[in-house]
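What follows is a short report on a single structure.
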Amino acid sequence: MMFGWTGVILRVNLTNGEIKKEPTNMQDARLFIGARGLASKILSDEIDPKIDPLSPANKLIFAPGPLSGTMAPSMGRYNVVCKAALNGVIAASNSGGSFGPEVKFAGYDMIIVEGAAKKPVYLWIFDDEVEIRDASDLWGKNVPDTTDAIRAVTDEDAKVACIGPGGEKKVLFANIMNEMHRAAGRSGVGAVMGSKNLKAVAVVGTKPIEVADPEAFEKAVIDARKKISEHPVGGTGLRVYGTDVLVNILNGVGSLPTRNFHDGYFPSADKFGGETLTAKYLTRPKGCFSCIISCGRVTKVTNPKYAGEGEGPEYETAWGFGSDCGVDDMDAITKANYLCNELGIDTITCATTIACAMDLYESGYITLKDTGGLAIPFGSAENMVKLVEMIGNREGFGDQLAEGSYRLAKRYGHPEFSMTAKMQEMPAYDPRGVQGIGLHYATSNRGGCHVRGYTISPEVLGVPFKVDQHATEGKPQLVKTFQDLTAALDSTGSCLFATFGIGADELAALLSAVTGVHYSTEDFMKAGDRIWNLERLFDLKAGFTGKDDRLPDRIMKEPIQTGPSKGEVSHLDKMLPEYYKLRGWDTKGVPTEEKLQELSLI
Amino acid sequence: MVIKYYATLRDITRTKEETWQSPTPTLQDLLNALCNKYGSTFQKWVSCENGGYGCLSIFLINGQDYRSLNGLQTQLNQTDIISIFPPIAGG
Ligand code: SF4
């Protein structure tokens with residue numbers, strides 16, 4: 001009998017319609033855990049990292065983890081793994097809700113989709129029954145309409161992961177939305193799904209997940225729940241205010257990127273912070289499967305100009321459409337968020353690409369002729385909202401923005417205006433004001449990204465301990481530890497926010513109890529290190545080098561202009577060599593043979 | 001001196017910010033005075049289980065974390081802006 005893992009992988013080839021069920025490679029499962037780790041191992045083994053991500057040769061893997069679907073707290077996450085449409089790295093885009101657990105209940109450790117269908121299709125999975133169905137009627141529909149339509153003809157409780165018009169039109173930062181409001185947001189995984197003519201995956205599962213040691217598991221669950229619920233952040237903070245509560249503190253320390261990273265301080269930020277969201281927009285909090293935190297925000301905008309209902313904004317989204325675009329109108333910000341979710345595009349890259357366009361426009365490099373008559377200086381809330389729709393549908397000037405800020409800025413002759421690391425847009429923490437996060441952005445295996453090495457916890461929030469945000473000393477080790485921990489955590493099916501109450505000790509105990517494979521804390525962290533190096537190897541084979549471990553010149557050379565971090569720039573160069581050393585990489589950022597041997601990667 | 005409150009501390013103090021004129025030479029003096037003014041609920045958020053302040057709450061003095069200054073003994077001036085955040089997080 002299998003514990004934690006189901007032992008079965010579902011493989012669907014859309015080119016020839018073949019559906020296969022294969023045994024999970026258990027040796028790899030032990031080493032790479034599941035979700036992000038195990039799916040990345042399979043992708044690395046099965047595709048050439050140099051392929052065109054939008055070609056049928058790419059594979060799209062929907063991967064929950066061995067803890068997904070168990071009653072351990074906050075285990076509703078899954079990963080979508082493929083070669084990224086946006087920047088060609090290895091993508092593992094993480095989403096919550098209940099889709100991941102449902103895949104497990106249906107009996108699968110993951111679903112691998114290969115090839116490409118000739119016409120639009122969707123996948124319908126009811127336990128062992130798997131069908132490729134025609135989706136011609138669904139093509140063109142937005143995310144909520146697609147979800148409703150599929151539920152109507154399958155099962156009203158089906159968990160549906162789908163693309164919107166953004167994915168169909170291969171917007172390079174299209175996402176995959178599950179249960180309407182949860183996003184596998186980054187890297188353009190939705191464009192890869194669109195390139196396969198796959199509109200949706202709908203799942204109903206009825207099988208239990210077996211646990212190896214129920215007694216130890218119960219103990220570990222009680223311990224983890226207690227630690228999360230008693231922690232002031234996990235227990236109350238996130239539930240009451242959501243992630244958007246970060247706006248004021250990041251602004252307070254002068255590290256809220258403003259107007260395409262020209263500045264790190266935005267005087268009217270409070271207007272789109274979590275306190276405002278809670279007071280004026282929040283209908284109720286919402287949680288993913290088995291979550292006791294419930295950071296999700298169900299919200300409503302009543303202003304007729306931007307009226308709507310939906311979920312969000314999260315901190316990243318409020319920042320992107322807020323200070324990064326020079327906008328403080330929360331109605332417009334929230335509407336932009338709803339539109340992104342309906343169209344199925346990533347809020348972070350969408351917002352920051354608009355910010356980049358605003359910057360190019362203010363500098364005179366983009367003109368009214370280019371935009372089709374749309375004036376877009378920083379702060380133009382109304383036109384920002386219009387642009388979101390134009391991007392999602394690839395209409396007019398939106399078609400250019402649908403390629404992301406890197407290609408946009410290059411097209412207009414000023415690549416330095418793109419605030420990206422490895423061609424993916426950096427998120428909501430200014431790396432000039434918070435040194436460690438800058439090192440993480442530069443070295444993240446998927447490009448600009450905050451969730452794979454969230455050093456903001458110690459650097460700004462003081463969780464679980466406080467370090468000086470402006471210092472560089474000790475940051476390489478901090479970044480490595482956070483990256484390894486997160487790689488292992490993402491591979492279990494856990495939510496990152498569980499770490500506001502529990503850490504590697506508790507996760508290793510849960511994983512051991514569920515799977516029956518003993519993981520010490522060291523084993524767990526080593527698995528994270530292994531996964532990090534595996535992803536690095538993919539990126540190197542895809543053509544990236546140590547030279548790509550960098551931040552934009554604006555971040556390295558132009559100091560923050562106002563606010564508490566005024567005068568600061570990133571000191572990446574001081575940290576990178578030590579980081580390489582700690583990782584066991586050579587001076588060019590390539591893992592050494594000893595390191596790969598130590599991690600059983602060769 | 002201006003004191004700004006965030007998240008749940010806004011509900012407890014029923015204000016976003018206030019101007020403070022009483023003499024409070026250090027951050028510790030100010031926190032003592034604020035705990036007196038706003039009572040035990042406020043105190044619970046800003047203090048530590050075993051006494052003292054700031055185990056999880058964050059105090060910024062003109063945007064600088066008090067721990068990178070002189071801690072609770074940091075001297076305050078009339079022109080300072082003090083920001084007080086209860087424990088928060090996100091991502
Ligand atoms: S903390 Fe938030 S994102 Fe994480 S599992 Fe819970 S509700 Fe979902």
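Since the model is a prediction, treat every value here as computed from it, not as a measurement. Protein chains get the first letters and strands the later ones, always in sequence-line order, with residue 1 at the start of each.
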Q: With a 4.5 angstrom heavy-atom cut-off, could you sort out which part of A/V240 is near chain B: side chain, backbone, both or neither?
A: neither

Q. Between B/Y5 and B/Y38, what is the ring plane arrangement, given parallel below 30°, perpendicular above 60°, and tilted in between?
A. perpendicular

Q) If you measure from the Lys or Arg side-chain nitrogens to the Asp or Glu carboxylate oxygens, is any gap between A/D270 and B/R10 under 4.0 Å? A) yes

(Q) If I measure from the heavy atoms of chain A, does B/I58 come under 4.5 Å with its side chain, its backbone, both, or neither? (A) side chain

Q. Which of residues 15-24 of chain B have a heavy atom under 4.5 Å from any heavy atom of chain A?
A. B/K16

Q.
Could you go through A/R297 and A/L277, starting from their C-alpha distance and side-chain angles, then the distance that decides it, and tell me whether this counts as side chain to side chain contact (heavy atoms under 4.5 Å, CB included)?
A. CA-CA 9 Å; A/R297 310 283 89 185; A/L277 181 70; 3.9 Å; yes

(Q) Taking side chain as everything from C-beta outward and backbone as N, CA, C, O, which of these in A/F465 sits under 4.5 Å from a heavy atom of chain B? Side chain, backbone, both or neither. (A) neither

Q. With respect to the side-chain SG atoms, do A/C495 and A/C291 come within less than 2.5 Å?
A. no

Q. So do A/V298 and A/H181 actually touch side chain to side chain, heavy atoms under 4.5 Å?
A. no

Q: Scan side-chain atoms only and decide if B/T26 and B/D29 contain a donor-acceptor pair under the 3.5 Å cut-off.
A: yes

Q | Best-contacting candidate, A/N248, A/I456, A/V245, against chain B by heavy atom pairs under 4.5 angstrom | A | A/N248

(Q) Given heavy-atom pairs under 4.5 angstrom as the criterion, report whether the side chain, backbone, both or neither of B/D65 touches chain A. (A) side chain

Q: Output the option from A/H470, A/E314, A/K466 having the highest count of non-hydrogen pairs under 4.5 Å with chain B.
A: A/K466

Q.
Heavy-atom cut-off 4.5 Å, strictly under: side chain, backbone, both or neither for B/S83 against chain A?
A. neither

Q: Would you indicate whether the side-chain heavy atoms of A/V463 and B/P87 approach each other to under 4.5 Å?
A: no

Q) Taking B/I81, B/D11, B/T8 one by one, which has the highest count of heavy-atom pairs under 4.5 Å against chain A? A) B/T8

Q.
Under a 4.5 Å cutoff for heavy-atom pairs, which residue among A/I249, A/D468, A/V253 has the most contacts with chain B?
A. A/I249

Q. What about the rings of A/Y315 and A/Y429, do their centers lie closer together than 6.0 Å?
A. yes

**Q.** Any side-chain heavy-atom pair of B/I61 and B/L69 under 4.5 Å
**A.** yes

Q.
side chain to side chain contact (heavy atoms under 4.5 Å, CB included) for B/Y6 and A/Y241? Distances and angles first, verdict last.
A. CA-CA 11 Å; B/Y6 295 95; A/Y241 294 101; over 6 Å; no

